Protein chains: 2
Amino acid sequence: MSGLEPGERDAATLEEVARIAGVSRSTVSRVVNNSPGVSARARAAVSEAIAATRYVPNPAARNLATRRTDTIALVVSEDGERVFGDPFFAGVLRGVSATVAAADRQMVLVMSHGADRERLEQYLAAGHVDGAVVVSLHGMDPLPQRLTDAGVAVALLGRPLTATTVPYVDADNLGGALAATRHLAATGRRRIGTIAGPQDMAAGIDRLLGWRRAMGELGHRADAVVHADFTVEAGAAAMAELLAAHPDLDAVFAAADLLAVGALRHLRSRGVRVPDDLAVVGFDDSVLATTTNPTLTTVRQPVEELGRSTAWRLLAQLAGERHLPPSVLLPTELVVRDST
Amino acid sequence: MSGLEPGERDAATLEEVARIAGVSRSTVSRVVNNSPGVSARARAAVSEAIAATRYVPNPAARNLATRRTDTIALVVSEDGERVFGDPFFAGVLRGVSATVAAADRQMVLVMSHGADRERLEQYLAAGHVDGAVVVSLHGMDPLPQRLTDAGVAVALLGRPLTATTVPYVDADNLGGALAATRHLAATGRRRIGTIAGPQDMAAGIDRLLGWRRAMGELGHRADAVVHADFTVEAGAAAMAELLAAHPDLDAVFAAADLLAVGALRHLRSRGVRVPDDLAVVGFDDSVLATTTNPTLTTVRQPVEELGRSTAWRLLAQLAGERHLPPSVLLPTELVVRDST
DNA sequence: CTGAAAGCGCTTACAG
DNA sequence: CTGAAAGCGCTTACAG
């Protein structure tokens with residue numbers, strides 16, 4: 001208790017700095033904002049006064065005058081539970097926060113779990129942030145359009161399912177799935193199933209499409225499909241189901257490493273040898289892929305780079321950059337390990 | 001592109017609402033803030049105008065006038081990497097965000113990873129938030145005091161290592177460790193070691209103290225100690241080290257479930273049977289505890305409740321509540337499963 | 001290069 | 001119960 005009431009600050013204002021430096025508020029403001037056209041003499045006096053008073057600009061006042069907040073939201077359309085369990089989000093977070101920090105802006109992470117959705121929208125639309133990177137959109141979520149309408153710049157990480165002009169950055173999910181499935185065929189597998197991800201997200205849809213397309217090219221029947229959420233448990237259950245329906249399977253493409261881990265767990269419990277009896281490919285190349293036994297052949301997606309690119313796209317847009325591409329697709333790459 | 005420049009909003013202001021409702025700005029403000037003393041007639045007219053214009057108050061203007069932001073920061077003194085890998089943070093996050101939301105405030109999550117420390121402090125001190133819940137403080141971190149000095153209300157989740165008047169909420173780590181060690185002795189273990197956590201955090205220190213005290217009570221030598229960071233890998237390495245130095249060990253108290261999981265992994269690789277040859281107790285009762293084989297005897301700490309209590313403490317303080325306790329200790333509880 | 005002044009959109013005594 | 005007015009702390013044409 002330093003004698004301040006809650007919420008009270010004894011912070012210096014521009015006014016005081018100006019008085020101490022013996023200049024006008026205008027001049028102090030120019031120095032603070034690195035505006036040109038200030039004499040070295042004035043600049044020095046102001047700098048000294050700023051240091052002496054430990055002056056920090058009041059963001060509310062600045063925001064009110066400029067209509068800018070210099071903060072960017074990372075909006076995750078999941079609840080904390082899932083966010084904190086999935087290495088994918090850790091990578092995205094790293095990428096976005098590094099880029100935002102490098103641009104000298106602040107990043108705030110907000111999650112929208114159903115009930116708070118209303119509050120979240122209000123918060124963003126009210127003008128707390130200049131822009132938002134929105135990740136993990138499900139289905140026909142109207143959030144991006146709503147934010148855009150409210151004047152908040154938006155860039156999506158992951159292709160949206162709605163037809164929209166909101167820009168997005170995504171990994172080449174289809175190409176990755178295609179490569180994974182071709183690899184299985186190339187290594188002699190004849191009966192290839194898939195554990196597909198949720199079909200309310202582009203990542204789930206596109207990876208299934210890639211598998212389907214490869215199966216078509218190969219002239220194989222694409223009938224061994226089971227859907228699952230992106231969790232280990234769902235992966236194990238899906239593997240069980242797949243095996244029951246198609247006992248002749250000799251390979252599985254799982255649409256996420258988490259799913260592959262679940263599949264491996266089930267296969268071990270059933271005594272199915274990997275890769276001898278059945279080959280498994282994952283998707284993500286998360287840390288999980290190298291800690292499983294056997295290590296996991298998987299499709300690497302550049303998670304951190306996805307975060308960086310999306311944040312960069314957003315910042316460029318805020319900077320008024322013209323002729324930006326409406327969307328960007330980052331390459332994926334097959335990483336062969338011991339499970340195939 | 002709806003015709004708005006980046007950052008531009010076509011949002012209605014109080015002024016416009018007032019004009020449409022045929023009242024003064026004062027009256028609109030009173031309705032928006034649920035102030036008493038507004039006629040039903042005026043209130044209705046204003047409500048209608050608000051709906052028609054989709055009016056949302058400008059937070060910067062409101063903040064400037066009131067000196068309140070209605071937002072609370074959850075500050076995690078770790079980098080994203082670790083935050084997203086540890087179930088502890090997921091629970092804390094749930095607790096804090098639920099409590100903050102219930103109080104009709106917004107929560108922002110900010111992480112401080114070394115380099116950005118400066119920016120973080122500026123951000124918080126500049127007045128973006130009314131208060132901060134700070135978790136996972138290491139060593140003699142001056143952050144809490146700095147924030148307090150800057151007029152930001154602070155409540156710590158976890159006892160700080162510095163002598164400070166900043167309030168905190170913690171779990172009874174010492175009591176939990178005591179109970180765990182006594183339990184091992186009560187089930188006939190004679191040679192009990194410990195994998196201690198980092199000694200720059202109260203959680204690490206207090207759990208080691210609890211083990212030591214129990215060993216003293218039992219008249220056992222407290223010499224089988226190895227320190228480790230709160231990760232699975234460190235736990236495995238520590239178990240190896242412990243076993244090499246003390247081959248006669250028949251029990252281990254690990255200061256975190258993550259450490260216990262690592263220990264179990266190493267023991268299995270060495271062919272040591274749990275609990276037959278060696279008993280293991282963890283700490284946390286995270287989801288991990290029930291998924292290991294054997295399931296883990298552990299000390300439950302009320303993670304989500306820690307988050308709720310700390311946030312509640314902070315909000316109470318902001319509300320000007322008097323005579324609040326400087327610190328709160330929540331009980332821990334031994335949960336016996338198959339590893340002992 | 002510098003300063004006086006208007007303005008950003010609210011809240012809140014104060015007077016009625 | 002209601003409104004006119006001052007004030008929160010900045011920025012930014014504008015005039016000099």
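Note that the structure is a prediction, hence the values are computed from the model and not measured. So that the names make sense, note that chain A is the first sequence line, chain B the second, and so on, each numbered from 1.
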Main-chain N/O of Ala45(B) paired with Glu48(B) side-chain donor or acceptor, under 3.5 Å: no

Any Arg68(A) side-chain nitrogen or oxygen under 4.0 Å from OP1 or OP2 of dT11(D): no

Ion pair check, Arg308(B) and Glu304(B), cut-off under 4.0 Å: yes

Ser29(A) side chain to Arg25(A) backbone, donor-acceptor under 3.5 Å: no

Spacing between Asp70(B) atom CG and dC10(C) atom P, to the nearest angstrom: 15 Å

Value rounded to 0.5 Å, distance of CE in Met107(A) from CD1 in Ile72(A): 10.5 Å

For atom CD of Glu15(A) and atom P of dA5(C), their distance in whole Å: 13 Å

Separation of atom CG in Leu64(B) from atom P in dG9(D), rounded to whole Å: 7 Å

Check: Ser309(B) side chain, Glu305(B) main-chain N or O, donor-acceptor pair, under 3.5 Å: yes

Distance, P atom - from dC14(D) to dC10(D), rounded to whole angstrom: 24 Å

Listed nucleotide nearest any side-chain atom of Tyr55(A), set dC1(C), dC10(D), dG9(C): dC10(D)

Thr310(A): which of Val133(A), Leu74(A), Leu330(A) passes side-chain contact (heavy atoms from CB on, under 4.5 Å): Val133(A)

Length of the CZ-P vector between Arg67(A) and dG9(D), whole Å: 19 Å

Of residues 19-31 of chain B, the positions that come close to DNA chain C - non-hydrogen atoms, cut-off under 4.0 Å: Arg25(B), Ser26(B), Ser29(B), Arg30(B)

Stems formed with participation of DNA chain D [Watson-Crick or G-U wobble, under 3.5 Å, three or more pairs]: C:1-3 with D:14-16, C:5-12 with D:5-12, C:14-16 with D:1-3

Protein-nucleotide distance (Ile50(B), atom CD1; dC10(C), atom P), rounded to Å: 10 Å

Atom-to-atom span, CG of Asn63(A) to C1' of dT11(D) - whole angstrom: 12 Å

Reported NE2-to-NE2 distance for the pair His128(A) and His128(B), which is rounded to 0.5 angstrom: 9.0 Å

Sugar-phosphate, base or nothing in reach of Ala42(B), heavy atoms under 4.0 Å: sugar-phosphate

Backbone N/O of Asp130(A) and side chain of Thr69(A): donor-acceptor pair under 3.5 Å: yes

Expected output: side-chain Asn33(B) to main-chain Ser35(B) donor-acceptor under 3.5 Å: no

Atom-pair distance (CZ on Arg62(A); P on dG9(C)), nearest Å: 18 Å

Short side-chain N/O contact to dC10(C) OP1/OP2 from Thr66(B), under 4.0 Å: no

Residue-phosphate contact under 4.0 Å: Asn33(A) side-chain N/O, dT11(D) OP1/OP2: yes

Which residue lies more 5' along DNA chain D, comparing Ala65(B) with Val38(B) via nearest heavy atoms: Val38(B)

Distance, rounded to the nearest Å, where Leu14(B) contributes CG and dG3(D) contributes P: 13 Å

Gap in Å between the two P atoms, one belonging to dA5(D) and one to dC1(D), rounded: 23 Å

Interatomic distance at C1', dT12(C) relative to dG16(C), whole Å: 16 Å

Side chain Arg313(A), main chain Pro325(A), donor-acceptor under 3.5 Å: yes

